[in-house]
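In this text the structure is predicted, and so the values were computed from the model without any measurement.
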Amino acid sequence: MRMDRNRRGSAAAAELMSELNDGLEIRATVDGVSPADTMMQGGAAALGGTAAIGGASGTDVLTAIEADKTKGKTDKASKSKAAKKAQEGRPDPYLWGIYIAFLVISVVELFSASSTEVTGANVYTPLLRHGMFLVMGFGIVLWLQRHHYAVISKFAWIFAAVSLVLLLLSSFMGVEMNGAQRAIRFAGITIQPAEIVKLSVVCLLSYILGKNQTPGGVTNVGVITAAIVVVIFGGCLWKNGLTNTILLMTVSLCMMLIGGIQMKKLAIVLGVYILCGGALYGIKYVTPSSTEFDEVQQSQRQLAEAGGGVVVSEGSKIDRTGTQIGRVKRFLKGVHPNDPIDDINRQVIFSKFSQANGGLLGQGPGNSRESARLPLAFSDYIYSIIVEDTGFVGGSALLLLYLLLLARAGRIAYKCSRAFPAFLILGCAVMIVFQALVHMAIVTGVFPVSGQPLPFISKGGTSVIVMSAAMGIMMSVARYAAKSGDTKKTRAEKAVLPEEMQAANFTMAK
């Protein structure tokens with residue numbers, strides 16, 4: 001009987017548990033609240049907390065969800081600005097100091113060298129014109145150093161293509177200045193595309209080499225692409241001046257060396273440059289279309305009409321082949337004290353007079369004697385006036401200033417964690433310094449006569465603007481490029497740079 005009672009009790013307990021299970025509803029909860037109720041509570045809270053949890057409408061819930069999304073986007077934008085702010089560094093005081101020194105020297109020495117351009121109405125006219133371009137250049141530097149250098153990688157190909165089109169236009173449809181067809185006149189403004197091409201090629205090579213950087217150097221694709229770009233631009237630049245072409249190729253070789261290119265590849269590239277240069281030489285110099293006598297005769301006529309100033313003409317076609325060959329021959333022959341002064345050699349002779357008159361300490365700013373009779377003293381030969389004003393000491397100090405610019409750029413590139421900014425800052429620095437060295441070499445008689453402005457100092461609006469842009473790019477790299485070992489800035493830099501530009505700076509010691 002007891003067993004029957006136990007059996008009946010167990011059956012009753014089982015029936016009771018079955019009834020209880022049927023009445024139960026199992027829900028997933030967070031802190032005792034279901035996810036649906038949590039969403040409704042969030043929507044109610046977003047609407048001011050006035051809606052009941054069970055009575056919130058679907059519209060209210062959707063509004064709350066949209067509010068959460070908007071808040072998320074705002075938070076993401078704030079984080080992006082914070083990352084950019086974290087990556088932004090201080091302006092480099094050394095680059096700024098060198099740049100300001102160039103501006104001061106430019107104002108003083110260009111005024112001293114512009115005596116042939118002074119008019120009776122206003123003796124400050126040449127200085128005011130040059131000062132306007134210096135102010136524009138200063139504004140470009142300020143603007144560029146406030147923007148991240150990553151923008152260069154986005155527009156490198158476009159910038160190069162535009163500069164190439166301008167170069168071709170100047171070669172075939174441009175105006176002629178001093179017997180050379182190398183300028184474009186637009187809305188009363190004269191543009192020298194050859195100066196723009198130098199910077200555009202540096203930016204493009206920085207993009208190509210930075211994209212193809214590997215621990216072993218530069219990939220074959222990168223080397224081939226860079227060489228093709230230089231050959232194309234060099235071939236188009238040849239008509240605008242042999243010196244510009246050589247300068248472009250030299251800068252490209254330096255950038256490849258910076259990228260750690262293997263010596264075998266570098267030798268192949270150099271061989272390609274020599275072959276292409278030899279082909280162009282054969283086309284241009286073996287069968288010139290005009291004789292040197294015709295060239296000199298036309299040049300003398302233009303100089304006589306211009307009164308010794310800058311000659312600008314449109315429509316005529318001048319072949320400078322004879323002039324360039326003659327310059328090389330005269331350079332190899334040399335200049336002697338007893339040589340008679342004529343229209344062909346007076347630039348070289350008066351330039352040497354000017355440097356000799358400078359001595360050790362110079363005659364003082366504004367006391368130049370040769371600026372009144374030295375042709376193009378304010379542009380192609382301004383370094384001789386600087387030596388005359390400040391002597392050997394001043395000329396050496398200016399040379400040292402350019403070398404310090406290159407050294408500072410090398411120091412910044414040494415610390416860059418990414419390859420692209422390292423290529424960019426060193427490419428711009430090499431372009432500026434090499435052009436300055438070429439100008440000084442021409443003035444002192446180390447190289448044959450050729451027209452190369454002294455960066456930041458010589459008169460020339462296009463040159464001042466382009467060199468200022470290069471300096472602004474350098475300052476942007478100095479300000480935004482992450483240093484090796486700085487994890488926080490490196491992460492921020494990777495968020496800004498395109499994925500293809502994130503190759504590590506393998507060429508610099510860490």
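Residues Tyr207 and Ile152 fail the side-chain proximity criterion, which asks for heavy atoms closer than 4.5 Å. When side chains are defined from C-beta on, Ser170 counts as touching Leu167, because their heavy atoms get closer than 4.5 Å. Side-chain contact check for Val223 versus Ile268: every heavy-atom pair is 4.5 Å or farther apart. Contact check for Ile386 versus Leu454: side-chain heavy atoms found under the 4.5 Å cut-off. Under the 4.5 Å side-chain criterion, counting only non-hydrogen atoms from C-beta, Ser112 is not in contact with Pro365. Taking the side chain as every heavy atom from C-beta outward, Ile191 and Ile196 approach each other to under 4.5 Å. Side-chain atoms of Pro91 and Gln145, non-hydrogen and from C-beta on, do get closer than 4.5 Å to each other.
Scanning all heavy atoms of the two residues, the minimum distance from Leu248 to Gly234 falls at CD2-N, 3.9 Å. Heavy atoms only, all atoms of each residue included: Ile457 and Leu110 are closest at O-CD1, 3.8 Å. Heavy atoms only, all atoms of each residue included: Cys203 and Ile473 are closest at SG-CD1, 4.1 Å. Heavy atoms only, all atoms of each residue included: Gly395 and Val387 are closest at CA-CG2, 4.3 Å. The shortest heavy-atom contact between Ala478 and Ile412 is CB-CD1, 3.5 Å. Closest approach of Met256 and Ala227 over heavy atoms only: CE-N, 4.1 Å.
Taking Val221 as the reference, Asn212, Thr219, Thr225 meet the side-chain contact (heavy atoms from CB on, under 4.5 Å) condition, with sequence neighbours excluded. Taking Glu370 as the reference, Arg373 meet the salt bridge (Lys or Arg N to Asp or Glu O under 4.0 Å) condition, with sequence neighbours excluded. Partners of Phe138 according to the ring pair (Phe, Tyr, Trp, His ring centres under 6.0 Å) rule, which considers only residues two or more places apart in sequence or in another chain, are Trp96. Scanning for ring pair (Phe, Tyr, Trp, His ring centres under 6.0 Å) contacts around Phe233 gives an empty result, with sequence neighbours left out. Among residues two or more places apart in sequence or in another chain, the salt bridge (Lys or Arg N to Asp or Glu O under 4.0 Å) test is passed with Lys352 by none. Remark: Ser468 engages no residue in a side-chain hydrogen bond (donor to acceptor under 3.5 Å, both in side chains) (not counting sequence neighbours). For Ala469, the side-chain contact (heavy atoms from CB on, under 4.5 Å) partners are Ile140, Leu144, Leu199, not counting sequence neighbours. For Leu275, there are no side-chain contact (heavy atoms from CB on, under 4.5 Å) partners two or more places apart in sequence or in a different chain. By the side-chain hydrogen bond (donor to acceptor under 3.5 Å, both in side chains) test, His439 is found to be paired with no residue, residues two or more places apart in sequence or in another chain being considered.
Between the CZ atom of Arg129 and the NZ atom of Lys459 there is a distance of 4.5 Å, given to the nearest 0.5 Å. We find the CG-CG distance between Leu253 and Leu257 to be 7.0 Å, quoted to the nearest 0.5 Å. Going from atom CG of Asn367 over to atom OG1 of Thr390 covers 12.0 Å, rounded to the nearest 0.5 Å. To the nearest 0.5 Å, atoms CE (Met501) and CG (Leu424) are separated by 10.5 Å. Rounding to the nearest 0.5 Å places OG of Ser379 at 11.0 Å from NE2 of His130. Here Tyr381 contributes atom OH and Gln347 contributes atom CD; the two are 4.5 Å apart, rounded to the nearest 0.5 Å.
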*Step by step, would you call Phe420 with Ser206 a side chain to side chain contact (heavy atoms under 4.5 Å, CB included)?*
CA-CA 6 Å; Phe420 175 61; Ser206 299; 4.1 Å; yes

*asked:* Run Phe423 and Gln213 through side chain to side chain contact (heavy atoms under 4.5 Å, CB included) and show every step you take.
replied: CA-CA 10 Å; Phe423 282 122; Gln213 184 71 24; 3.3 Å; yes

*Apply side chain to side chain contact (heavy atoms under 4.5 Å, CB included) to the pair Leu374 and Phe353, showing each step before the final yes or no.*
CA-CA 10 Å; Leu374 175 62; Phe353 285 171; over 6 Å; no

*Please walk me through it: do Thr190 and Ile184 pass side chain to side chain contact (heavy atoms under 4.5 Å, CB included)?*
CA-CA 6 Å; Thr190 303; Ile184 298 175; over 6 Å; no

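Judged purely by distance below 3.5 Å, without hydrogens or angles, the side chains of Ser252 and Tyr273 pair a donor atom with an acceptor atom. For Ser351 and Gln355, the side-chain atoms include at least one donor-acceptor pair closer than 3.5 Å. Between the side chains of Ser368 and Glu388, at least one donor-acceptor pair of N or O atoms lies under 3.5 Å. Side-chain atoms of His148 and Ser476 form no donor-acceptor pair, as typed in the model, at a separation below 3.5 Å.
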Show every donor-acceptor pair shorter than 3.5 Å between a side-chain atom in residues 426-436 and any protein atom, with sequence neighbours excluded, or say none if there are none.
unit_1, atom_1, unit_2, atom_2, d
Gln435, OE1, Lys198, NZ, 2.9
Gln435, NE2, Pro453, O, 3.2

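Of the possible polar contacts, one joining the Lys265 side chain to the Val218 backbone as a donor-acceptor pair under 3.5 Å is found. A distance-only check finds a donor-acceptor pair linking the side chain of Ser200 to the backbone of Val197 [under 3.5 Å]. The backbone N or O of Phe456 sits less than 3.5 Å from a side-chain atom of Ser106, completing a donor-acceptor pair. Side chain of Tyr480 to main chain of Arg146: a donor-acceptor pair is present (N/O by atom type, distance under 3.5 Å, no hydrogens or angles). Counting only distance, with no hydrogens or angles, the side chain of Thr462 and the backbone of Gln192 share a donor-acceptor pair below 3.5 Å. Looking at Ser354, its side chain does come within 3.5 Å of a backbone N or O of Ser384 through a donor-acceptor pair. A donor-acceptor contact shorter than 3.5 Å links the side chain of Ser396 to the backbone of Phe392.
Sorted pairs that involve residues 151-160 and meet side chain to side chain donor-acceptor pair (under 3.5 Å), not counting sequence neighbours, are lacking altogether. Note on residues 402-411: pairs passing side chain to side chain donor-acceptor pair (under 3.5 Å), not counting sequence neighbours, are Asp92-Arg408.
Of the residues Leu247, Asn244, Ile246, Val443, the one that meets the side-chain contact (heavy atoms from CB on, under 4.5 Å) test with Val438 is Leu247.
Annotation for Phe159: atom CZ counts as buried by contact number, over 12 foreign heavy atoms lying within 6.0 Å.
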